[in-house]
Amino acid sequence: LKQLQYARKNPKEASKNKLAMPENPLFMRTNSVKLLYDYVEAATKELYKEQYEADPDYHHIECIETFTPGMRNYLKKFEPAVKEFLKHEQSIFTQEVIKQYVAREKITNLNNGGLKPL
């Protein structure tokens with residue numbers, strides 16, 4: 001919680017402390033988000049211990065919110081669809097497949113699309 005409070009009070013400083021995600025180094029997390037992710041992952045594996053022990057590929061998924069309020073009525077339909085989607089190893093959104101097609105680059109004048117380089 002201290003890290004989260006720090007990040008809220010000092011967003012520019014907190015965002016400087018970015019970490020590559022082990023699942024996919026193309027994406028970054030701040031330390032605050034990493035700590036929260038680690039906590040949620042550990043708590044989920046503790047709460048659903050039997051399922052994770054029975055199936056190493058088990059994913060506990062519970063859809064609780066959407067980006068648009070009008071979609072909330074569909075949340076219970078999303079859960080089985082997401083669970084089924086995660087079973088397919090060659091899904092275009094799996095980290096292994098994404099790594100084959102995407103690379104991380106520093107933004108320069110040549111690839112910035114007209115924006116100022118970082």
Side-chain angles (χ1 to χ4, degrees):
L1 289 176
K2 288 180 182 179
Q3 182 68 31
L4 184 59
Q5 289 169 345
Y6 173 80
R8 285 185 176 166
K9 290 179 183 176
N10 307 287
K12 286 184 181 180
E13 287 300 313
S15 66
K16 289 179 184 176
N17 186 15
K18 292 181 254 180
L19 308 164
M21 291 173 49
E23 299 91 347
N24 188 338
L26 297 172
F27 297 99
M28 303 296 283
R29 291 185 178 135
T30 63
N31 195 40
S32 302
V33 171
K34 182 194 179 313
L35 291 171
L36 178 62
Y37 178 86
D38 291 346
Y39 169 77
V40 170
E41 182 180 41
T44 301
K45 287 185 177 179
E46 185 177 314
L47 286 169
Y48 302 95
K49 185 177 181 178
E50 292 174 6
Q51 291 92 328
Y52 280 96
E53 287 177 351
D55 179 3
D57 295 323
Y58 175 77
H59 293 281
H60 175 75
I61 298 167
E62 184 177 350
C63 297
I64 57 171
E65 189 55 82
T66 66
F67 290 108
T68 57
M71 296 300 290
R72 286 190 184 128
N73 295 336
Y74 297 98
L75 286 175
K76 289 298 174 193
K77 292 180 180 179
F78 291 162
E79 283 183 31
V82 171
K83 288 177 182 179
E84 185 62 30
F85 174 79
L86 288 173
K87 290 179 184 176
H88 301 285
E89 291 180 16
Q90 290 303 312
S91 162
I92 63 168
F93 295 106
T94 62
Q95 301 306 324
E96 290 305 313
V97 173
I98 288 173
K99 287 179 195 176
Q100 294 176 28
Y101 301 101
V102 181
R104 190 168 173 184
E105 285 187 32
K106 184 164 181 66
I107 296 176
T108 66
N109 285 329
L110 296 174
N111 66 6
N112 69 357
L115 301 173
K116 288 172 63 175
L118 295 177

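- Considering every non-hydrogen atom in both Tyr52 and His60, the closest pair reads OH-N, 3.3 Å.
- When every heavy atom of Tyr6 is checked against every heavy atom of Glu13, the shortest pair comes out as OH-CB, 3.3 Å.
- Residue Val33 is not grouped with residue Tyr39 when hydrophobic side chains (ILVMFWY) are merged at heavy-atom distances under 4.5 angstrom, including chains of intermediate members.
- Between Tyr58 and Glu53 the shortest side-chain heavy-atom distance does not fall below 4.5 Å.
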